Amino acid sequence: MSFDVVGFDLTEGVIHFLKVFGGVLGAALLIALLVSLLKYGKRGVGLFFQGLGRGCRDFLRTSPSRVWAIAVLTWKEATRKKALFVFVIFALLLMFAGWFLGGSVDRADLQVKNYISFILKSITWLTLPVILLLSCWGLPTDIKNRSLHTVVTKPVRRQEVVLGRFLGFTLVGTAVLLVMGGIGYFWTVGQVPEEARKELIARVPIYCTKLSFFDNAGNESDKGKNVGDVWMFRSYIEGATREHAAYLYDNLDVDAIRRAGKMRLEYNFEAFRTHKGNIDQRLLCNLVIVNNKTGKRYLLDHPIQVQEFSNRASDKTITLEETVNYLEDKISKDGEGNQRVRRTANLFDEILAGNSITIEVFSLDSGQFLGMARPDLFIKMPDRPFASSYFKAIFGIWLQMLVIIVIGVTASCFVKGPVATLLTFGIVMVGATGLNKLMRGLASGTQEGGGPFEASYRMLFHLNPSTDLDAGPLTVVITAVDQVMLGFLWTIQHLFPRFDFFNMNEYVANGVDVPWDATLLPSIAVTLAFIVPCLLLGYFSLQLREMEAK
Amino acid sequence: MNRISSQQKKLVSLLLIILLLAPIVYLGAPSDGTENSGGVLARKRSEYDLGETSLGDVDPTSATMNLVLLGLRGIASNLLWQQAVEERDHKDWAGLKATVDSIVLLQPHFKQVWQFQAWNLAYNVSAEWDGVADRYHWVKEGAKFIIKGSNRNKKYPELYWDSGRIIGHKIGAADEKKTFRKFFLDDPEIEGGGPDKELNPDARDNFLVAKDWFIIANEVEAQPGITQTRLAPVLFRSYPVRSQMDYAEARQDEGKFDEVTRGAWDLAYKEVTTEWGAERFDSPAGKIVLEATDDILKQLVKEENNKYTLEEKKIWVQRRQNMCGYRSWRMRCLIEKKPETLAAHRNIYEGKRDYFAGEDRSVVEKKLYAGMEGMEKLLAEFPELEANDDFREECLKAVTLWQAIKSDSIDGKGVPANFPLKYLWTEYADEAKHYAELLRSQF
């Protein structure tokens, strides 16, 4: 994996949502009340609460059959717009993709990644733009053609129109995605070279809860040595020293491992040589399993070879059966020197007892470095079929589609088609690109250079972003004003969906099952978090919108 | 009010279509492949070598992509290039290769793309991998990529030259050369063994395959209207024979002191003097040759109607010889092709090998001594050898080992006052001391 897999804190997520939703809702209500007061005077207060009450009543009286009727109409409209022509492009892509992908890399195990990335990206980039356009142009076209008049004059409530649109476009998108996903699955399985088909799996990793690095003096740190790699993902330890990395697993389900009958560890370390060394020999490392309850150390009886960048699971898997051979340091009787004695231990009853272990990694080659990150060593539970991770990734695309539909339909409730398209496209772009990260960095204060006022001040006086501002009243004022601005930005950044949660392609391409807590749960949470506010916004926008305006 | 009927309208339209078709046919009729066939555009394309087929092999996918993208291929290439850089930084090698393939589909005739990315794959990506077989895989990827590039661009001698360099230099001169050269003949990725047919169809030495690529590069460069910007012509055109020398030297490094090796040096000498040395190069004093005699230069002066003097030509011959080390290469080949040189090398090589293998010291001493004697004879015949670093290193190391044996000998006689190569030993005492220390550090 090229990123750390971190679990999602649902409680914190819900609190975040309530804060943002509450803040935005409160601000919207306040503005509505003020506008009402300014427009209608004292009568405006009554009208405001009347509107609120009508809204609550409308929502309570939502009719599923009317929503369904509008959904069916949306489906018909979408098919009439030839949205399903997207299949033709998909078919063309699949017909010719083999030309490009097959010959790209000779190694079959590396080809697997390309095939999977290609199919998932194709599905994403074909379905999402179509859905974006459909959802943004549906309502404005209805309003323009005045066909919405015939709907709203019937006993159909505004939120039913919005909900019906949500549902209708979701049905269209789901049908398209199901067909493409199904074809894509069989295409991938068929295209991947025969010898690499065994790499089409979904490994189920249990990542460590904490990775620490220890230097030669035994000092603990969350980072190891930096060897000057542009990519700062991995930290390094020096070979043939006491430096080591310690992976802590304090959440082990020993019963599940016992049921599997063995424990499989998979590693993906990176080698960095400072001198040629033995060119024909890969770098070696030792693994020591430490039982955190008893403190007993189990040095595995054979060093492992660093199979750098290999995409073959079999290259990098260590299997520990019920009886594990290990080496124990024994001080000789005369007290001079240690010797290593080979012993055996029971994996489940001794080594894993207490459900908490630490795996220490030592590099063995003098002058050479070994790089590792948190996802680089994991306990592998029984593999799941490739379909498991593949269809979860398709589900991820479906959730993205849902968010786009929700934003697109909502936008089309208060602006015309082209503007709604641009607005939705802009929101998606901010959510899917580095801009989102930049905003988060600014709002959380981790981005160097401070808020807008501090940044302007620095630019004006040519100050380096890494130097502190001189203490004084001006700095206090700048910081205080920036706090307000950054608070605003903090709220605003949450209005853009974080599409990085939805991107499950890398898991599938790397043969790893899509995890529930780090990816699926936050994706579902983000989707749900957009549905309710967008529905409310869509409802009130349609209530206020002048239907006669084209 | 429309005065002409619908049928008349159709007829007029048809007439107009036929009239407009005539200039289209005149201008754009395709060529049937023969000279001066087709319309004006086809003939002009052929005249100025602008057609895809005249540039190299046509890839239909690439041509289609460029048509579909209209004028946006530059932007698309830039985006892909950024993606390739990111993939390289994040060590997504499969993704990098696929992206690079896409870039060359868009820019098939941009030679720097081929050169840069081939180098990237063969030198940078391969160095990132720890396993030597994995490294070799990426060297092959780079070599195949540049060969593909040269097939698509048959008028760029640099691409053929780069193909030769990766196959010759990267495989034959890298730290892993011993293993790489073995893999070139017996690829670990080929089921059942044997070479990768795409690179080495006839199972030949990597330097000989590289030599073929350098020869093609020279042939392409010799075509009218084609120039290369990689190296000065005297250097660029030396590479076939340099590969021949590399081949012979690699055999010696691997302990192969047979007639094949001697023959390889013999051929190298012939190629230096009769091919590279006989080529005519431009200079400020007109045409010159590296293997210059007064007669040849006088002939050139005559051909150029006495525009330049013989003396001027001689000066520029020397300057060009200095530029490419011609005299040094020539002498090397001349010396190495002698059977006695080969025997001296063999004796030193085997003496060294047996010394470290702990073989019988008296046998080792004899071999080293014979090697030293052979080298001394060569030094007497070619005093210029004294200035050659490689020659001195080989000789002084042999003397160091021989002295170590003599010092340890049980007869108590120690190192005699006189011994072959004593002149070098005393004249280059600092170097000799360094090798003696190096030997002590081994034990």
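Quantities reported herein were computed from a predicted structural model and do not represent experimental measurements. We name chains A, B, ... by the order of the sequence lines, and we start the count at 1 in each one.
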Quick one: does B/Glu128's side chain get under 4.5 Å of A/Asp229's, heavy atoms only?
no
Take B/Lys91 and A/Val230, measure what side-chain contact (heavy atoms from CB on, under 4.5 Å) needs, and give me the verdict at the end.
CA-CA 10 Å; B/Lys91 302 172 191 201; A/Val230 180; over 6 Å; no
When rounded to the nearest 0.5 Å, the distance separating CD of B/Glu176 from CG of A/Asp280 is 9.0 Å
Reported CG-to-CZ distance for the pair B/Asp89 and A/Phe233, which is rounded to 0.5 angstrom
14.5 Å
Looking at B/Asp175 and A/Arg273, is there a salt bridge between them, counting it only when a charged N and a carboxylate O are closer than 4.0 Å?
no
Taken to the nearest 0.5 Å, the spacing of B/Asp130 CG from A/Glu270 CD works out to 10.0 Å
Does NZ in B/Lys352 sit with more than 12 non-hydrogen atoms of other residues, nucleotides or ligands closer than 6.0 Å?
no
Answer yes or no: does atom NZ of B/Lys178 have more than 12 heavy-atom neighbours from other residues, nucleotides or ligands under 6.0 Å?
no
Give a yes or no on whether B/Glu86 atom CD has more than 12 heavy-atom contacts from other residues, nucleotides or ligands under 6.0 Å away.
no
Please determine whether the number of non-hydrogen atoms from other residues, nucleotides or ligands lying under 6.0 Å from atom CD of B/Glu191 exceeds 12.
no
Look at the rings of A/Trp231 and B/His90 and say which category their plane angle falls in: under 30° parallel, 30 to 60° tilted, over 60° perpendicular.
tilted
When rounded to the nearest 0.5 Å, the distance separating CD1 of A/Ile279 from CZ of B/Arg135 is 6.5 Å
Do other residues, nucleotides or ligands put more than 12 heavy atoms under 6.0 Å from A/Phe425 CZ?
no
